[in-house]
Protein chains: 2
Amino acid sequence: MRTENEDREDRIINAARKLIVHYGYDKTTVDEIAQEAGISKGAVYLHFDKKEAIFEAVFIHALKNYADKWMDLIEHDPKGGTIGGMYKNMLFALKDSPFMVAVFKQDRRVLGNYMKRPDNIFKGESFKGTRFETVKLFQEAGVVRQDLDPMIAAHIMNMLAYGLVAMDEVMETDEIPPTEAVIEGIADFMDRAMTPPNGGDSNAGKAILRKMIGSSLEKLS
Amino acid sequence: MRTENEDREDRIINAARKLIVHYGYDKTTVDEIAQEAGISKGAVYLHFDKKEAIFEAVFIHALKNYADKWMDLIEHDPKGGTIGGMYKNMLFALKDSPFMVAVFKQDRRVLGNYMKRPDNIFKGESFKGTRFETVKLFQEAGVVRQDLDPMIAAHIMNMLAYGLVAMDEVMETDEIPPTEAVIEGIADFMDRAMTPPNGGDSNAGKAILRKMIGSSLEKLS
DNA sequence: ATTTGACTAAATAAGTATAATTGGTCAAAA
DNA sequence: TTTTGACCAATTATACTTATTTAGTCAAAT
């Protein structure tokens, strides 16, 4: 069952996430986080020993939510196991999490001085290079064309994900088409460019993703 | 024939470009530009009335070079008129011009305070929205699939171009595959995703590009 | 007729002293 | 036992002064 303590820890994390997304890490004070969570600053330090630990908890939470949501979208999408389908659902899951978007963009305004820590959580192994693995596994399962450099394909996918969330830095917002339409367009491109002639087996893809995302989620909890 | 004056103006522009790319607009002084060009500062002001005018001349020059190079690559490429071909050549032309890359990225480090001018040259009509027009014309000529929102397709192309030059801001350079390979990969993606079943007529595409780039070049000289 | 470089006003940077804020602690209250 | 908020050292912001640099000019040299 859910303890009072866990509940309060969640309140701290949610308060922190909300404030960090809005004001950025540097301009969010521990006092404000405590207030937003409805407790005193001292109580915050009963849960986390440093401000940075709060940030890291926010990240773990957001990453978990993102993975959960992604997995959920995949399971409910018949085409969730094709390359375009899995990518589309990933982008849909990503775009609804401003915190994860900030992390993906390495947004200095939001991440602030946390990024200056030499041992920050993003430097760890657990959080990168997964796209390449996915493409390779998809190829082995025949969901992605064999004649395709997985390195390049993964990189193009990264570029498109980055473009989706970062394009507003270089274009006026009103010149950018609606995000939903762009995501659908990207998925269509991916399917046409990466799926083998026979179409590819969506269920095989789903099995891979369940395994991959599942094991990632395990590491987090 | 080429006058002594034109030659010196070119030297100023090249010196300025080199210094601006390296040190950025703000940290490049008119004195240094004059030195690099082998003349005195006063002489610089016989050619340009303000520092900003030098910058704008550098931009016009770089844009012209870029368009020339692009057109040249297209003419010498049998597939230069397909969507993937034209895009590939555009990216090859772009990647060799650090100044144009900085402009495309709106790189604040390089562009500096010049961007703060309310009437800066990039705000002008002549320099944006061309990708959308290209896609539409390609569609009319049957070089690009009809069932494809040109707005979305153009935006995806912009995202990929941006990703190509900006991805190093979010990834370690040594994790990024070689630019040539990425460009080839992108071109392959574009062809597979955007070309109609019949393959598309490369020459029709070339004719459009000749017209478009040609008229752009006219405006510049 | 050209070109220069010393010159100036304006902008930018560097330094400094002071005030306000903030992360983290801990004795006391609940 | 659990939670608080006053408290402090340390960081960060502010206001101000001084020093340096730089864009642009122009009388003098070439």
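We name chains A, B, ... by the order of the sequence lines, and we start the count at 1 in each one. Keep in mind that the numbers below use all heavy atoms, side chains included, and drop hydrogens, waters and symmetry copies. As the structure is a prediction and not an experimental result, all values here were calculated from the model.
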- [ ] Mind checking salt bridge (Lys or Arg N to Asp or Glu O under 4.0 Å) for A:K64 and listing every partner two or more places apart, or none if nothing turns up?
- [x] A:D68
Open item on the list: Holding to side-chain hydrogen bond (donor to acceptor under 3.5 Å, both in side chains), I want the full list of residues that pass it with B:T179, two or more places apart in sequence or in another chain.
Closed with: none
Open item on the list: Suppose we screen for salt bridge (Lys or Arg N to Asp or Glu O under 4.0 Å). Which residues come up paired with A:K27, at least two apart in sequence or across chains?
Closed with: none
Open item on the list: At less than 4.0 Å, is any side-chain N or O atom of A:R8 found next to OP1 or OP2 of D:dT3? Yes or no.
Closed with: yes
Task: Check: A:F189 ring centroid to B:F189 ring centroid under 6.0 Å - done: no
- [ ] Give me the residues of residues 106-117 of chain B where at least one heavy atom lies under 4.0 Å from an atom of DNA chain D, by number, or none.
- [x] none
Task: Donor-acceptor pair, side chain of A:D26 and main chain of A:G112, under 3.5 angstrom - done: no
Task: Interface with DNA chain D, restricted to residues 37-51 of chain B and to heavy atoms under 4.0 Å - done: B:K41, B:Y45, B:K50, B:K51
Per-pair distances, 0.1 Å, donor-acceptor, side chain in residues 38-46 of chain A, under 3.5 Å, sequence neighbours excluded:
unit_1	atom_1	unit_2	atom_2	d
A:S40	OG	A:A43	N	3.4

- [ ] Check B:I83 against B:M157 and note the closest heavy-atom contact, atom names and distance.
- [x] CD1-CE, 3.9 Å
Open item on the list: Output the rounded distance in Å from CD (A:E9) to P (D:dT3).
Closed with: 12 Å
Task: Residues forming a salt bridge (Lys or Arg N to Asp or Glu O under 4.0 Å) with A:K18, sequence neighbours excluded - done: A:E36
Task: Partner set under side-chain contact (heavy atoms from CB on, under 4.5 Å) for A:A93, not counting sequence neighbours - done: A:Y66, A:K69, A:W70, A:L73
Open item on the list: Five pairs per end, C1' atoms only: what is the angle between the end axes of the helix from C:dA1-D:dT30 to C:dA30-D:dT1, to 10 degrees?
Closed with: 30°
Open item on the list: Could you tell me if B:K51 sits above the aromatic ring of B:Y25, with its cationic atom closer than 6.0 Å to the ring centre and no more than 45 degrees from the axis?
Closed with: yes
Open item on the list: Students often mix this up, so state it plainly: with edges at 30° and 60°, are the rings of A:F99 and A:F59 parallel, tilted or perpendicular?
Closed with: tilted
- [ ] Sequence neighbours left out, what passes side-chain contact (heavy atoms from CB on, under 4.5 Å) with B:Q35? Give chain and number order.
- [x] none
Open item on the list: Holding to salt bridge (Lys or Arg N to Asp or Glu O under 4.0 Å), I want the full list of residues that pass it with A:D174, two or more places apart in sequence or in another chain.
Closed with: none
Task: Sorted by number, the residues of residues 12-32 of chain A with heavy-atom contact under 4.0 Å to DNA chain D - done: none
